[in-house]
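Have a look at the structure below, then the notes.
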2 protein chains.
Amino acid sequence: MATPPTSGGGWPAPGPSAPSSAPRKERSPGRCGGSTPPAGRSSTQSRPGGAFKRPTPLPRGVPSDESPAGVRTLTAPDAASAAALVTDGLGADALVALFGRCTVDYEGRAASELGPGDRHVMLKPDGAALVHTDEGQQPVNWQPPGCEHDCRATEGATVVESRRTSPEESLVVRFSTVAHAAAFDVSDHETPEVIGTEADLKRRILEEPSLVEDGFTPLATERKTPAGAVDVYGEDDAGRTVVLELKRRRVGPDAVGQLDRYVGALRRDLHADAEVRGVLVAPSVTGRARALLAERGLEFVPLTP
Amino acid sequence: MATPPTSGGGWPAPGPSAPSSAPRKERSPGRCGGSTPPAGRSSTQSRPGGAFKRPTPLPRGVPSDESPAGVRTLTAPDAASAAALVTDGLGADALVALFGRCTVDYEGRAASELGPGDRHVMLKPDGAALVHTDEGQQPVNWQPPGCEHDCRATEGATVVESRRTSPEESLVVRFSTVAHAAAFDVSDHETPEVIGTEADLKRRILEEPSLVEDGFTPLATERKTPAGAVDVYGEDDAGRTVVLELKRRRVGPDAVGQLDRYVGALRRDLHADAEVRGVLVAPSVTGRARALLAERGLEFVPLTP
DNA sequence: CGTGCCAGGTGCCAT
DNA sequence: ATGGCACTTGGCACG
């Protein structure tokens, strides 16, 4: 076997060859720098200023087409080289990707086996592991954040193991061949702003209660009941208690059940003479849900976030 | 800018430079299997036979360290080269991965924006798109299978767009810098066999009904009611109707609501003199669920898949 | 295609 | 840690 070609200069070892990555939760403790760069995004690929993850800076003498922006790559490596790249990458808090022919074994809350096939494996520095095939949005196997990744070469195979406790779970990926391995130095401090959630719907209703009904007055959100917290709690123009259950999309019977539990709990908790109305607020309801609403004497108001 | 280095031999063009990937759905069309498996589950599921995806075989003459197992790679490419690799890869039904600094915009069922950061983007030949950061099991942004991917170089940026209809949704990833791009020729015809599902629990109960209760006799599975299909339907040694709702793990109030709806529907549908018992079968229940069970006169049997 | 429901659901936040 | 619930939930099976 020829020495596998390697591109990229690689990072300095974070320690004396850290045996593996420890699960990190803390995220850039003192992240001061403006998370929204106002202007002047760097057009070149050199990262400006501080590399946070990397304990020491990249050897800058290396031309940028060999070690650009913290990427290390191996093509068709032997098992030992692949394992070394993975271990080094994880030790440096890089995001590691492997592609090749492998088998996958999982044991934990359930158990599963997966025969040989070409898959893409991603190992994250926070302990998450993902095994993707060419199909589907969901990984065919995975491990949640908080695991410890370990990679070693065993009898010509590159073996990745991600393990966690409580619950005890283990994922083992055995590569007979690694076609490609890469370690990416990631920095991402942005969180996406999502529009159109249930929280947005709630906000809209609180700003303009008449959207639900003329004369409706919200009194509290997340009001506690023995059956759980009510989305919006208020009263109508006749002084009757009104419970709103909000959904951002078309709902089925489960949401009606939820609302019904809250209404029942409040009817028991409030004075016997208190009338309690339950109102489901959502874009639309299914047939079965509508029937259930009628059966339980509940109401529906169509509203879209 | 120097010509970006490329490793790997590349595939034969699937056509005259296919403009982009068309969403493929077909996957093992005749996936049948009865809803009430009396016995004899298929133990193996390895798909025999041919490579479906690739129209023509790989050029096998290429040395394995340059074009190993269908991998094409670019490190620090300019926008045009990156876009070309992505387009070619998708056209050849490859799994494409991009890593670099990008922004992400989504609009569809909801909407979201994500500022600049280093992310890993995966484009699958079935139309799925995934944007991963260094944290979390879940992608920070995504698009389900069935989309059409499109990649082009615009003003020095590499722009990926994944679009679908019904519902109309679009995901746009704008790379200011692509640190690494790769196209993987995937072949995977295995489906993992998972142990410990609700189906396993059902099988166990049908084989040994006394696990639920001495004298219990299953009569049907998935029996239809106006409120939905009941997991297991049967009768006890006194001839009373028994409805089982099965859960593979500890359950909350939602499962009790489900069972309660089935029991209510059957009480209305059967002769007025018919007694109907509802039994929740699961490893355990939460406190609120237990209270709800008592309130509705339902029962619980602890059982683990 | 909509309806209903399971999932190794995951993630977030409360107690 | 457990609990209750939202999620661009995804995925499958069925009418």
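Throughout, protein chains are lettered first and strands after them, A, B, ... in sequence-line order, and every chain is numbered starting at 1.
Side-chain N/O atoms of R109(A) include one lying less than 4.0 angstrom from OP1 or OP2 on dT10(C). In this model, the phosphate group of dG2(C) is not approached by any side-chain N or O of R288(A) to a distance below 4.0 Å at OP1 or OP2. The phosphate of dT9(D) (OP1 or OP2) has a side-chain N or O of R248(A) nearer than 4.0 angstrom. Residue Y262(B) places at least one side-chain N or O under 4.0 Å from the OP1 or OP2 atom of dC5(C). Put simply, W142(A) has a side-chain N or O that comes within less than 4.0 Å of OP1 or OP2 on dT10(C).
A salt bridge does not link D231(B) to K202(B): none of the charged nitrogens lies less than 4.0 Å from a carboxylate oxygen. Comment: E299(A) engages R277(A) in a salt bridge, judged by a side-chain N to carboxylate O separation of less than 4.0 angstrom. Checked for salt-bridge contact, E169(B) and R164(B) meet the test: a charged N lies under 4.0 Å from a carboxylate O.
One side chain, H132(A) or K124(B), offers a donor N or O that lies under 3.5 Å from an acceptor on the other. A side-chain donor from one of Q258(A) and K247(A) sits under 3.5 Å from a side-chain acceptor of the other.
Put simply, the side chain of D254(B) and the base of dG4(D) share no donor and acceptor less than 3.5 Å apart.
When the P atom of dC5(D) is taken as reference, atom CG of L280(A) falls 14 Å away, rounded to whole Å. In this structure, H132(B) atom NE2 and dT10(C) atom C1' are separated by 12 Å, rounded to whole Å. If you take CG of L244(A) and C1' of dA6(D), they are 17 Å apart, rounded to a whole angstrom. Rounded to an integer number of Å, the gap from CD of E107(B) to C1' of dT8(D) is 12 Å. Taking atom CD of residue Q143(B) and atom P of nucleotide dG11(D), one finds them 12 Å apart after rounding to whole Å. For the pair E135(A) CD and dC12(D) P, the interatomic distance rounds to 10 Å; values are reported in whole Å. Atom CG of D126(B) is separated from atom P of dG10(D) by 13 Å (rounded to the nearest Å).
Here R164(A) lies out of heavy-atom contact (under 4.0 Å) with every strand. Residue contacts for E245(B): at a heavy-atom cut-off of 4.0 Å it reaches the sugar-phosphate backbone alone, with no base atom in range. Note on A128(A): nothing from the nucleic acid sits closer than 4.0 angstrom, heavy atoms only. Within the nucleic acid shown, Q258(A) comes within 4.0 Å of sugar-phosphate atoms alone, with no base atom in reach, counting heavy atoms only.
Across L219(B), T221(B), T225(B), a single residue satisfies side-chain contact (heavy atoms from CB on, under 4.5 Å) together with R223(B), and that is T225(B).
With sequence neighbours excluded, the residues that form a side-chain contact (heavy atoms from CB on, under 4.5 Å) with S170(B) are E161(B), R163(B), V172(B).
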Collect all protein-nucleotide pairs involving nucleotides 11-15 of chain C in which both atoms are nitrogen or oxygen and the distance is under 3.5 Å.
unit_1  : atom_1 : unit_2  : atom_2 : d
dG11(C) : OP1    : Q137(B) : N      : 2.9
dG11(C) : OP1    : Q138(B) : N      : 3.3

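For DNA chain D, the neighbouring residues in residues 195-209 of chain A, judged by any heavy atom under 4.0 Å, are T197(A), E198(A).
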*Kindly indicate, with the supporting measurements, whether the criterion salt bridge (Lys or Arg N to Asp or Glu O under 4.0 Å) is fulfilled by E295(B) and R268(A).*
CA-CA 12 Å; E295(B) 182 187 325; R268(A) 279 190 298 277; 3.5 Å; yes

*Is there a side-chain hydrogen bond (donor to acceptor under 3.5 Å, both in side chains) between S284(B) and R250(B) once you walk through the steps?*
CA-CA 5 Å; S284(B) 58; R250(B) 183 173 175 87; 3.0 Å; yes

*Taking it one step at a time, do E113(B) and Y106(B) satisfy side-chain hydrogen bond (donor to acceptor under 3.5 Å, both in side chains)?*
CA-CA 6 Å; E113(B) 264 187 49; Y106(B) 158 74; over 6 Å; no

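Comparing dC5(C), dG9(C), dG8(C) against the side chain of P253(A) picks out dC5(C) as the nearest. Closest to the side chain of R250(B), out of dT2(D), dT8(D), dG9(C), is dT2(D).
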